[in-house]
Amino acid sequence: MKRVITLALALISVGTLSAQQDKGGITEAMMQEIRQGYTASAEEKAARNALALNPVSELATNADNLAMIDTNFSHRVKTKGITDQQQSGRCWLFTGLNVLRAQMIEEQGLAEMEFSQNYLFFYDQLEKCNLFLQAVIDTKHLPMDDRQVDWLFKNPLSDGGQFTGVSNLIMKYGVVPAEIMPENYQSNNTSAVSTLIKTKLREYGLKLRSMKDRRGTVVVKTEMLKEIYSMLVRAYGVPPTEFEWTMRDKENNVISTKTYTPQSFYKEYFGDLDLENDFVMVMNDPSREYYKVYEIEYDRHVYDGDNWVYLNLPIDEVKALAIASIKDNKAMYFSCDVGKFLLSKKGTLDINNFDYESLMGVEFPMNKEERVRTFASGSSHAMTLIAVDLDEEGNAKKWMVENSWGPAAGWQGNLIMTDEWFEEYMFRVVVNKKYIPAETLKLLEQKPIMLPSWDPMFASEQ
């Protein structure tokens, strides 16, 4: 990297500082020095020619890392089937339901099982609309250009989300099998309907802010939600309040035929499993203090539900919790920066998949903390953590997640990540409290540090 160092020294030279003067612009003298960054060597010309005609991802693919990673895992949760969120941002919902699906298939001895994402997504959108409208009422005393009000109107609705959406929605509305309220075109392609509803919400928001009688806003809000409900029914169908379902075993023999409500269905097959209180979201964010609890304002799916609360832990402690859960055959909600070093053809997440430094002739030395602080990295996608491969000392060598991009994507619908990638780009995992040491659970007793809703680290997972 001698050329890079030489250029850096040149840019801080006395001559450059003098040429730049006090205003900070690029002067002609400074431009002459900057142009020396490109020397037109044979190596640079070859890279330039290649980049003119090919995608960066293709050119940066590391030829030394093309061999498929070992697909054997020492510990793997029993799962069946791969789901497909298609053109929607519902990875958080698919992930949460896939965790439950794996448990039900194993415990009931089923050949297959899938819960209706469409059913819970219907209520997710309705609840988020109420969240926005009520938040507008709560902040109507603030000016329109207040940071919180500005954020609300910029983000009235999203199809993305995170685990508290899964927990609050299921505990409130239950679950139904996929065939009871199946996917349709709009649930698989959510952007068009979402855009229309967001337009109505912004219109409604302005009307609510203009009202002087707070008691009257409650009546008006209900009328607004009636219109939203009608739009959701047209797009996604009528959510069932009661249904009949037949359960079959692995040989397709009928086990039972019963009539359920969505809530009684959840109770029948998951008993007292309390998604709101039995689980903890643990985070690895080195840009913030470890062993502290954080809460994100307005980052929830249900107005009367829970804000996103998480415990920030060092990566080794997060790994230990995940390994304990996998060893007990329990899948987990998991989220990461999936776009970094993903080689889709192999279905692997490996920091050696691409060699951007050789292609571009520069280094990219930032660590995880620096990437988070400068917005270069953050959680973007949720998947179901189902496997870990341990060496003889019990250290993780690689991990595997069940994805929701369909069976043809990745490795048999899954993504395999090296432990090094896991450390750099994994951010969150939701673990049952029974796998968490008592001294760690005690940390949850502290008052959470409130973070603003616009914090970029906590954008919805899609």
Side-chain angles (χ1 to χ4, degrees), residues 1 4 47 50-51 54-74 91 282-287 312-320 322-323 326 332 334-391 393 395-403 405 409-429 456-457 459 461:
M1 307 305 296
V4 177
L51 283 164
N54 298 280
V56 169
S57 60
E58 293 292 333
L59 295 174
T61 300
N62 187 358
D64 294 332
N65 205 46
L66 290 178
M68 183 55 190
I69 197 169
D70 178 25
T71 58
N72 179 66
F73 285 85
S74 61
C91 70
V282 293
M283 181 91 162
N284 177 245
D285 177 3
S287 72
N312 198 26
L313 294 176
I315 190 66
D316 287 342
E317 295 188 33
V318 175
K319 287 182 186 180
I323 290 171
I326 293 172
M332 287 158 285
F334 165 96
S335 58
C336 63
D337 194 354
V338 73
K340 299 296 192 297
F341 297 96
L342 167 63
L343 190 56
S344 300
K345 296 175 182 177
K346 289 168 45 181
T348 60
L349 293 158
D350 183 342
I351 64 172
N352 295 312
N353 276 340
F354 301 96
D355 183 1
Y356 298 112
E357 297 187 352
S358 294
L359 177 65
M360 301 305 295
V362 298
E363 294 180 346
F364 297 96
M366 284 198 297
N367 59 29
K368 188 174 186 178
E369 177 186 357
E370 292 166 334
R371 290 194 301 271
V372 170
R373 286 196 291 110
T374 59
F375 313 105
S377 185
S379 185
S380 61
H381 185 53
M383 297 176 283
T384 309
L385 186 59
I386 61 171
V388 63
D389 191 29
L390 303 178
D391 62 20
E393 286 74 39
N395 300 312
K397 296 188 293 183
K398 61 181 183 293
W399 306 77
M400 184 164 69
V401 288
E402 177 187 302
N403 204 358
W405 293 345
W411 182 75
Q412 300 178 356
N414 305 304
L415 294 179
I416 299 174
M417 65 195 77
T418 63
D419 188 60
E420 190 175 12
W421 188 95
F422 186 99
E423 292 186 353
E424 294 295 325
Y425 296 104
M426 188 287 296
F427 287 102
R428 299 185 277 273
V429 65
M457 186 62 189
E461 293 153 0

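Below, all heavy atoms of this structure are taken into account, side chains as well, without hydrogens, waters or symmetry copies.
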**Asked** Going by heavy atoms in the side chains, are Tyr425 and Leu349 under 4.5 Å from each other?
**Response** no
**Item:** Main-chain N/O of Asn352 paired to Asn62 side chain as donor or acceptor, under 3.5 Å
**Value:** yes
**Asked** Do the charged groups of Asp419 and Lys319 touch, with an N to O distance under 4.0 Å?
**Response** yes
**Message:** Determine whether a donor-acceptor pair (N or O, by modelled atom type, separation under 3.5 Å) exists between the side chain of Trp399 and the backbone of Trp421.
**Reply:** no
**Message:** How long is the straight-line distance from CE of Met426 back to CE of Met283, given to the nearest 0.5 Å?
**Reply:** 9.0 Å
**Fill in**
Here the gap from Asn414 atom CG to Asn403 atom CG, rounded to the nearest 0.5 Å, amounts to 8.0 Å
**Asked** Can you check whether Asn65 reaches Phe341 side chain to side chain, under 4.5 Å on heavy atoms?
**Response** no
**Main-chain N/O of Ser358 paired to Asp355 side chain as donor or acceptor, under 3.5 Å** = yes
**Message:** In the structure I gave you, are the side-chain heavy atoms of Met332 and Ile326 within less than 4.5 Å of one another anywhere?
**Reply:** yes
**Asked** Any side-chain heavy atom of Met360 within less than 4.5 Å of one from Leu51?
**Response** yes
**Prompt:** How long is the gap from CD1 on Ile386 to CE on Met400, to the nearest 0.5 Å?
**Reply:** 4.0 Å
**Asked** Is the shortest distance from a Lys or Arg side-chain nitrogen in Glu423 or Lys368 to a carboxylate oxygen in the other one below 4.0 Å?
**Response** no
**Prompt:** With side chains defined as the heavy atoms from C-beta onward, is the minimum distance between Leu343 and Phe354 less than 4.5 Å?
**Reply:** yes
**Ser335 and Arg428: side chain donor to acceptor below 3.5 Å** = yes
**Message:** Quick check: do Met417 and Val401 have side-chain heavy atoms less than 4.5 Å from each other?
**Reply:** yes
**Prompt:** Which heavy atom in Met366 sits nearest to a heavy atom in Ala376, and how many Å separate them?
**Reply:** CE-CB, 3.9 Å
**Fill in**
Note: Cys336 and Met383 closest approach over all heavy atoms is SG-CE, 3.6 Å
**Asked** Do Val56 and Tyr356 come within less than 4.5 Å of each other through their side chains, counting heavy atoms only?
**Response** yes
**Asked** Is there a donor-acceptor contact under 3.5 Å from the side chain of Asn54 to the main chain of Ala50?
**Response** yes
**Item:** Side chain proximity check, Asp337 to Phe427, heavy atoms < 4.5 angstrom
**Value:** yes
**Asked** Going from CG on Leu385 to CG on Leu415, what distance comes out if it is rounded to the nearest 0.5 angstrom?
**Response** 11.5 Å
**Request:** Verify, without hydrogens or angle tests, whether Ser74 (side chain) and Leu390 (backbone) share a donor-acceptor contact under 3.5 angstrom.
**Result:** yes
**Lys/Arg-Asp/Glu bridge criterion (N-O < 4.0 Å) met for Asp70, Lys398** = yes
**Request:** Verify, without hydrogens or angle tests, whether Asn312 (side chain) and Asp285 (backbone) share a donor-acceptor contact under 3.5 angstrom.
**Result:** yes
**Request:** Locate the shortest heavy-atom distance separating Ala382 from Cys91; write the atom from each residue and the value.
**Result:** N-SG, 3.2 Å
**Message:** Would the distance check show the side chain of Asn284 and the main-chain N or O of Leu313 forming a donor-acceptor pair, the cut-off being under 3.5 Å?
**Reply:** yes
**Complete:** So OG1 of Thr348 and CE of Met68: to nearest 0.5 Å the spacing works out to 6.5 Å
